[in-house]
Amino acid sequence: MQESRLFKILYYLLEKGRATAPELAEKFEVSVRTVYRDIDALSGAGIPVYTESGRRGGIYLMNHFILDRAVLSDGEKMEILSALQTAGAAGIADGKTALEKLSGLFRIRPENWYEVDFSRWGSQTGDNEKFEMLKTAVISHKRVEILYVGTNREKKKRRVEPLKLLYKSRAWYLRAWCTEKEAFRLFKLNRILEWRLLDETFHPEIYTETEAGPQHTGIPDRDDAQKTDLWSVSDRASSCNAEPPQVILTFSADAAYRVYDEFDESNIEELPDGRLRTAAPMPDDEWLVAFLLSFGCHVEVEEPAYLKAVLADRAMKIYRMNAADGRELPGTAT
């Protein structure tokens, strides 16, 4: 109890600059004698606190004393301010306020050497309101009702128990327990169209990748993809409960800039002819097909075979929809 009061007295003096013993005694509900004992304890701990008698006297901290000299190293102080800078850049109002207060407390101004902005182009009011509401739900363990767009464009209302906000691969996700599916789910924040904080509390479960399954490797709500006819290829090997398959891809040299954007360098092999080969576990759903199609003719699927067939089938459908006069590909006419 005394240690807690000592810190409170220290913070009070840092904020006010000066206080009298009766003032501190009233604020912390102790006797004046106890206040003086606390001041002696602070002084004995190396805090430069002193008292002056007289009409203008009181209890002071030595000029230019800052808290981090007693508690935080310079590196720790900069890490705190940098983290708050990031929170402020993400549009979190509390982060900006805390940054201003701690900058004044530490008596330094952090260098603006970087800027992070997680909001989308255009109006960011809705994104920030959504983020703040979900943050509140995670911290207070409150259920949330959301309207979510799945990978098959179907809009569904879900009642979820938010566990954590996750930033992965340039996008925000919500890790949550879905009461409808009775399973862990990962929802992409950009696909949450409506949100409502419910007055229902829950006991948070421990979210684990093993329990979550492959839909939680960065792609939200894989169940939606399984409802389409996308995976009608007979030799599809994976299932909802299997681990994500190892996907081996070969890219042309012209796509190198995107390959290094999308894959970790440790998963990239440079081939003698300038092409790039990648090998990484990836969730085999609608998102992956759309991702591969975005490379056009600059990507070739090596493994798994069923994904190669699915991609070829989708490319054929795209060609037929857009070919002039309904022409078939050369060599495909019967």
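Atoms considered below: every heavy atom in the structure, side chains included; atoms not considered: hydrogens, waters and symmetry mates. For this chain, numbers begin at 1 and follow the sequence in order. Not measured: the values here are computed from a predicted model.
- Annotation: side chain of E161 is in contact with side chain of T179 (closest heavy-atom distance under 4.5 Å).
- Of all heavy-atom pairs between A19 and L13, the closest is CB-CD2, 3.9 Å.
- Between the side chain of K308 and the backbone N or O of V301, at least one donor-acceptor pair lies under 3.5 Å.
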**OP:** Go through the steps to decide whether R196 and L198 satisfy the test side chain to side chain contact (heavy atoms under 4.5 Å, CB included), and finish with yes or no.
**Re:** CA-CA 6 Å; R196 183 167 66 94; L198 303 176; 3.4 Å; yes
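- Ion pairing between a basic and an acidic side chain is recognised when a charged N comes within 4.0 Å of a carboxylate O; R159 and E200 show such pairing.
- Note that CG of L61 is 11.0 Å distant from CD1 of I9, once rounded to the nearest 0.5 Å.
- Closest non-hydrogen pair, P304 versus Q246, comes out as CD-O, 3.9 Å.
- Under the 4.5 Å side-chain contact rule for hydrophobic residues, L271 and V299 do not share a cluster.
- Residues L163 and V138 fail the side-chain proximity criterion, which asks for heavy atoms closer than 4.5 Å.
- A chain of hydrophobic side-chain contacts below 4.5 Å, direct or via other Ile, Leu, Val, Met, Phe, Trp or Tyr residues, connects Y260 to V247.
- No side-chain heavy atom of F187 sits under 4.5 Å from any side-chain heavy atom of R175.
- Judged by distance alone, with hydrogens and angles left aside, the side-chain atoms of T136 form a donor-acceptor pair with the main-chain N or O of E132 at under 3.5 Å.
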Subject >> Stepwise salt bridge (Lys or Arg N to Asp or Glu O under 4.0 Å) test for E302 and R277 >> reply: CA-CA 9 Å; E302 293 189 22; R277 177 181 287 128; 3.0 Å; yes
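- By the criterion of side-chain heavy atoms lying less than 4.5 angstrom apart, applied directly or through intervening Ile, Leu, Val, Met, Phe, Trp or Tyr residues, L276 is not grouped with I248; the two fall into different hydrophobic clusters.
- Using a 4.5 Å cut-off on side-chain heavy atoms (C-beta onward), I192 and V149 make no contact.
- Of all heavy-atom pairs spanning P162 and L174, the tightest one is CB-CD1, 3.8 Å.
- With respect to the salt-bridge test (charged N to carboxylate O, under 4.0 angstrom), the residues E180 and K157 do not qualify.
- Side chains of Y60 and P48 form no contact here, defined as non-hydrogen atoms less than 4.5 Å apart.
- Within a 6.0 Å radius of CD in E52, more than 12 heavy atoms belonging to other residues, nucleotides or ligands are found.
- In this structure, the side chains of L288 and L307 come closer than 4.5 Å at one or more pairs of heavy atoms.
- Aromatic rings of F295 and F251 (six-membered ring for Trp) have centroids within the 6.0 Å cut-off, being under it.
- Minimum heavy-atom separation, P245 to Y306: CG-OH, 3.6 Å.
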Subject >> side chain to side chain contact (heavy atoms under 4.5 Å, CB included) between W177 and V160, worked out >> reply: CA-CA 6 Å; W177 175 265; V160 301; over 6 Å; no
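- Applying the side chain to side chain donor-acceptor pair (under 3.5 Å) criterion to D273, with sequence neighbours excluded, gives R275.
- Hydrophobic clustering, with ILVMFWY side chains joined whenever heavy atoms are under 4.5 angstrom apart, groups L249 together with L293.
- To the nearest 0.5 Å, atoms SG (C178) and CD1 (I146) are separated by 7.5 Å.
- A tilted orientation is assigned to the rings of H141 and F202, their planes being inclined by 30° to 60°.
- Expressed to the nearest 0.5 Å, how far NZ of K130 lies from CD of E194 amounts to 10.5 Å.
- Closest heavy-atom contact between R143 and T201: NH1-O, 3.4 Å.
- Under the ring-ring contact (aromatic ring centres under 6.0 Å, His included) rule, F131 has a single partner from Y167, W195, Y173, W172, which is W172.
- In this structure, Y148 contributes its side chain and E154 its backbone to no donor-acceptor pair below 3.5 Å.
- Remark: E303 CD to T250 OG1 distance equals 10.0 Å, nearest 0.5 Å.
- Within the 4.5 Å cutoff, the side chain of V35 has heavy atoms near those of the V30 side chain.
- Between I59 and T20, the shortest heavy-atom distance links the atoms CD1-C, 4.3 Å.
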Subject >> Stepwise side chain to side chain contact (heavy atoms under 4.5 Å, CB included) check, L166 with L186 >> reply: CA-CA 9 Å; L166 167 69; L186 193 65; 4.2 Å; yes
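- Applying the salt bridge (Lys or Arg N to Asp or Glu O under 4.0 Å) criterion to R258, with sequence neighbours excluded, gives E262.
- One finds the CG atom of L24 at 13.0 Å from the CD atom of E29 (value rounded to the nearest 0.5 Å).
- The closest side-chain heavy-atom distance from L134 to L189 is below 4.5 Å.
- When the side chains of ILVMFWY residues are joined at heavy-atom separations under 4.5 Å, either directly or via intervening members, L10 and Y36 end up in two distinct hydrophobic clusters.
- Side-chain atoms of N267 do not come within 3.5 Å of backbone N or O of F263 as any donor-acceptor pair.
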